[in-house]
There are 2 protein chains.
Amino acid sequence: MQYQKVENLSSLLKSISHPIRLKILCLLQEKELTVGEIRDEVATTHANISQHLTILRNQGVIDFRKDANFIYNRIADERVTEMMKTLRSLFCQPGTK
Amino acid sequence: MQYQKVENLSSLLKSISHPIRLKILCLLQEKELTVGEIRDEVATTHANISQHLTILRNQGVIDFRKDANFIYNRIADERVTEMMKTLRSLFCQPGTK
DNA sequence: TCAGTTTTTAATTTAATGCTTAAATTTAAT
DNA sequence: ATTAAATTTAAGCATTAAATTAAAAACTGA
C-alpha cells in the first residue's frame, strides 16, 4: 500500500474511532438526521455533538443539507456505508463479544 | 448497536488508526514478521515499533511467537484480516484517491 | 561467561483529544 | 422587532497519545 493511501485511510479510521462518532454513523446508516435527533440518541450536549459532526464533515465522511433551521446530516461517501456494513457484520453480530 | 459493541469497535478502530500500525497490519496480511523486519519496512526506531506492537497486542489484534531471540508477529483475529481486505478493496484500489 | 542481537521499558517532552461552559449565529415563528 | 429554537464557535482545562532518547532485559552462540 503506498504511503499516501496509508495516511488517508488512517486519517479516515481515526475520524470514526470514537464511540460517539461511530454511533452517529450507525444512526445515519438508516436515514439522515438532524443534530437534535442525533443528540437525543447519543446523550451528550449539543455542543459536543456539533464538534463531532465537524470532525466527520472535515474528513468528508458526512454531508449535510439545510432546511429551515434544521441541519440534516447524511453519510457522504458510499464506501463508508460499505465499510460500516462490513464492520457491523464482523464485530456486531449477536454472539460476538 | 448496543453500547458495549460500540465501545469495543471504536477501541479496535482506534488501535489501528495510526499510519504505522495500519502499515504493520498490511505487512502482516502476507506473513508473520519479526520486529526487526517490520522496522525495516516502516522506517522508525525499534522502540517506537515495539510500542505500537504493544498497543496492537493489548487490543488482541496481533499475536506472537518466540523463536531464538526473534519475535514473530502475526494477526490474531481472522475478523481483522477480513476487515483489512474490505478496507483495502474500498480505499486502496488504483484509481481511488 | 562474554559479546552481540533483538526487543522492551522508562522517562521526558511535545502535541493532540475530549469535554464543559459560555457566547455567538442563524433561522423561523410570534 | 422580539423571542425562541437549533446549531456553531471558541476558550479553558485535564487527559491521553506519540516520538525520542537512553537504559535495561532477554536470548544466542562461541
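Letters A, B, ... mirror the listed sequences (proteins, then strands); counts begin at 1. For clarity, every value in this text was computed on a predicted model and none was experimentally measured.
Listed by chain and number, the residues in a side-chain contact (heavy atoms from CB on, under 4.5 Å) with A/Lys31 are A/Leu33 (sequence neighbours excluded). With sequence neighbours excluded, the residues that form a side-chain contact (heavy atoms from CB on, under 4.5 Å) with B/Thr45 are B/Ala47, B/Asn48.
Interatomic distance, CD1 of B/Ile16 versus OG of A/Ser17, reported as 7.0 Å (0.5 Å rounding). The distance from the CG atom of A/Leu87 to the NZ atom of B/Lys5 is 13.5 Å, given to the nearest 0.5 Å. A distance of 13.0 Å separates NZ in A/Lys23 from NE2 in A/His18, rounded to the nearest 0.5 Å. The NE2 atom of B/His46 lies 13.0 Å from the CD atom of B/Gln51; values are rounded to the nearest 0.5 Å. The structure places CD1 of B/Ile49 at 10.5 Å from OG1 of B/Thr34, a figure rounded to the nearest 0.5 Å.
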Look for any protein N or O under 3.5 Å of an N or O in nucleotides 11-18 of chain D and output each such pair with its distance, or none.
{"from": "D/dA17", "atom 1": "OP1", "to": "B/Lys14", "atom 2": "NZ", "distance (Å)": "3.1"}

I'd like a list of close polar pairs between nucleotides 26-30 of chain C and the protein, N/O only, cut-off under 3.5 Å.
none

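A donor-acceptor pair is defined here as one N or O able to donate and one able to accept, closer than 3.5 Å; such a pair exists between the side chain of B/Thr54 and the backbone of B/Ser50. In this structure, B/Arg21 contributes its side chain and B/Ser15 its backbone to a donor-acceptor pair below 3.5 Å.
In DNA chain C, the stems built from three or more successive Watson-Crick or G-U pairs (distances below 3.5 Å) are C:1-30 with D:1-30.
Spacing between atom CD1 of A/Ile49 and atom P of C/dG18 amounts to 13 Å, rounded to whole angstrom units. Residue A/Leu53 contributes atom CG, which lies 14 Å from atom C1' of D/dT9 at whole-angstrom precision. Note: CD1 (A/Ile16) to P (C/dT17) measures 15 Å, nearest angstrom. Across the protein-nucleic acid pair, A/Ile24 atom CD1 and D/dT7 atom P stand 12 Å apart, rounded to whole Å. Atom CG in A/Leu22 sits about 17 Å away from atom C1' in C/dT17, given to the nearest Å. When rounded to the nearest whole Å, the span between CG of A/Leu13 and C1' of C/dT17 equals 17 Å. As rounded to whole Å, 13 Å separates atom C1' of C/dT5 from atom OH of B/Tyr72.
Residues B/His52 and B/Ile24 share a closest heavy-atom pair of CB-CD1, 4.4 Å.
Between B/Glu82 and B/Lys85 a salt bridge is recorded (basic side-chain N to carboxylate O distance below 4.0 Å).
In this structure, B/Arg57 is positioned above the aromatic face of B/Phe64, its NZ or CZ under 6.0 Å from the six-membered ring centre and within 45° of the axis.
Criterion: ILVMFWY side-chain heavy atoms under 4.5 Å apart, direct or through other members. Under it, A/Val80 and A/Tyr72 are not part of a common hydrophobic cluster.
Residues of residues 26-40 of chain B having a heavy atom closer than 4.0 Å to DNA chain D: none are found.
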